[in-house]
Amino acid sequence: MASAEHLQVANYGIGGHYEPHFDFFTDNCTFKASEGNRLATGIFYLSDVAEGGGTAFPYLRLLVKPQRGSVLFWHNLHRSEEPDYRTRHAACPVLKGSKWIGNIWVRVRNQDRERPCGLLPDHEVSLEYKHLV
Ligand SMILES: O=C(O)CCC(=O)C(=O)O
Ligand SMILES: [Fe+2]
């Protein structure tokens with residue numbers, strides 16, 4: 001895929017977790033203009049997890065349980081390329097077993113045909129979540 005970061009494989013043992021965060025960069029200096037910000041995230045669940053280890057989206061009240069062979073995909077940015085603050089997420093602690101994932105982050109550049117930019121501002125809908133952190 002043009003303009004995606006390399007697949008990153010991660011393993012969480014018992015208690016392994018990832019604190020709530022956004023995948024997009026909030027400072028323009030942390031990414032190259034030629035690549036753009038992190039448009040989308042794909043998490044490939046490479047294992048089942050006996051207990052715990054879900055991916056939680058607190059603002060969306062959503063908990064996705066790892067299921068081997070499934071992929072979770074979402075857009076981190078609005079069509080205007082403004083951050084979508086509703087995408088804050090975390091990896092819940094693994095309580096039993098082990099969790100394997102593969103992550104890809106798709107960058108904005110070269111995705112124009114997959115997800116055309118918007119002509120109008122569309123980010124107001126997520127602004128109320130920006131200051132909740
Ligand atoms: O392990 C998960 O469920 C989430 C991982 C994650 O959010 C990340 O690597 O950015
Ligand atoms: Fe993340």
Side-chain angles (χ1 to χ4, degrees):
M1 183 187 297
S3 218
E5 293 171 45
H6 291 299
L7 181 77
Q8 178 186 287
V9 175
N11 174 234
Y12 302 77
I14 301 289
H17 67 284
Y18 194 155
E19 296 287 329
H21 64 279
F22 300 110
D23 283 355
F24 52 73
F25 300 112
T26 46
D27 178 357
N28 286 353
C29 299
T30 43
F31 58 86
K32 293 186 200 160
S34 59
E35 295 175 343
N37 206 341
R38 284 174 164 169
L39 172 68
T41 299
I43 299 182
F44 298 79
Y45 294 107
L46 305 177
S47 69
D48 292 312
V49 183
E51 253 179 70
T55 308
F57 295 78
Y59 300 156
L60 301 176
R61 298 182 183 278
L62 180 68
L63 176 66
V64 178
K65 295 193 179 175
Q67 202 182 342
R68 185 168 189 252
S70 62
V71 182
L72 177 64
F73 183 89
W74 72 88
H75 289 107
N76 296 299
L77 307 177
H78 294 286
R79 284 188 185 275
S80 57
E81 291 187 25
E82 293 289 332
D84 188 336
Y85 294 97
R86 297 170 298 184
T87 60
R88 192 169 160 83
H89 59 283
C92 300
V94 171
L95 303 176
K96 193 174 167 191
S98 165
K99 174 182 174 186
W100 286 91
I101 57 164
N103 262 330
I104 54 157
W105 287 285
V106 181
R107 297 307 190 94
V108 164
R109 297 298 157 239
N110 301 326
Q111 307 304 330
D112 320 50
R113 285 168 190 272
E114 311 301 326
R115 196 180 194 237
C117 63
L119 296 176
L120 299 170
D122 61 353
H123 62 290
E124 287 88 354
V125 66
S126 78
L127 279 183
E128 64 181 289
Y129 297 88
K130 182 177 179 180
H131 303 292
L132 289 182
V133 185

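Numbering of ligands and ligand atoms starts at 1, following listing order.
- Side-chain contact between V94 and H17 is absent, with no heavy atoms from C-beta onward closer than 4.5 Å.
- Using a 3.5 Å distance cut-off with no hydrogens or angles, the side chains of Y45 and T55 do pair a donor with an acceptor.
- Between the side chain of D122 and the backbone N or O of R79, at least one donor-acceptor pair lies under 3.5 Å.
- Put simply, the side chain of F31 does not reach to within 4.5 Å of the side chain of V108, judged on heavy atoms.
- Under the 4.5 Å side-chain criterion, counting only non-hydrogen atoms from C-beta, E124 is not in contact with H78.
- Using a 4.5 Å cut-off on side-chain heavy atoms (C-beta onward), R107 and K32 make no contact.
- Closer than 4.0 angstrom to ligand 1 by heavy atom are Y12, Y18, H21, D23, I43, T55, H89, A91, K99, I101, N103, W105, sorted by chain and number.
- Remark: the backbone N or O of K99 is paired with a side-chain donor or acceptor of N11 at under 3.5 angstrom.
- Outside the 6.0 Å centre-distance limit, the rings of Y129 and H131 are not counted as a close aromatic pair.
- For Q8 and H6, the side-chain atoms include no donor-acceptor pair closer than 3.5 Å.
- Within the protein, the N, O or S atoms sitting under 2.8 Å from the Fe ion (ligand 2) are H21 NE2, D23 OD1, H89 NE2.
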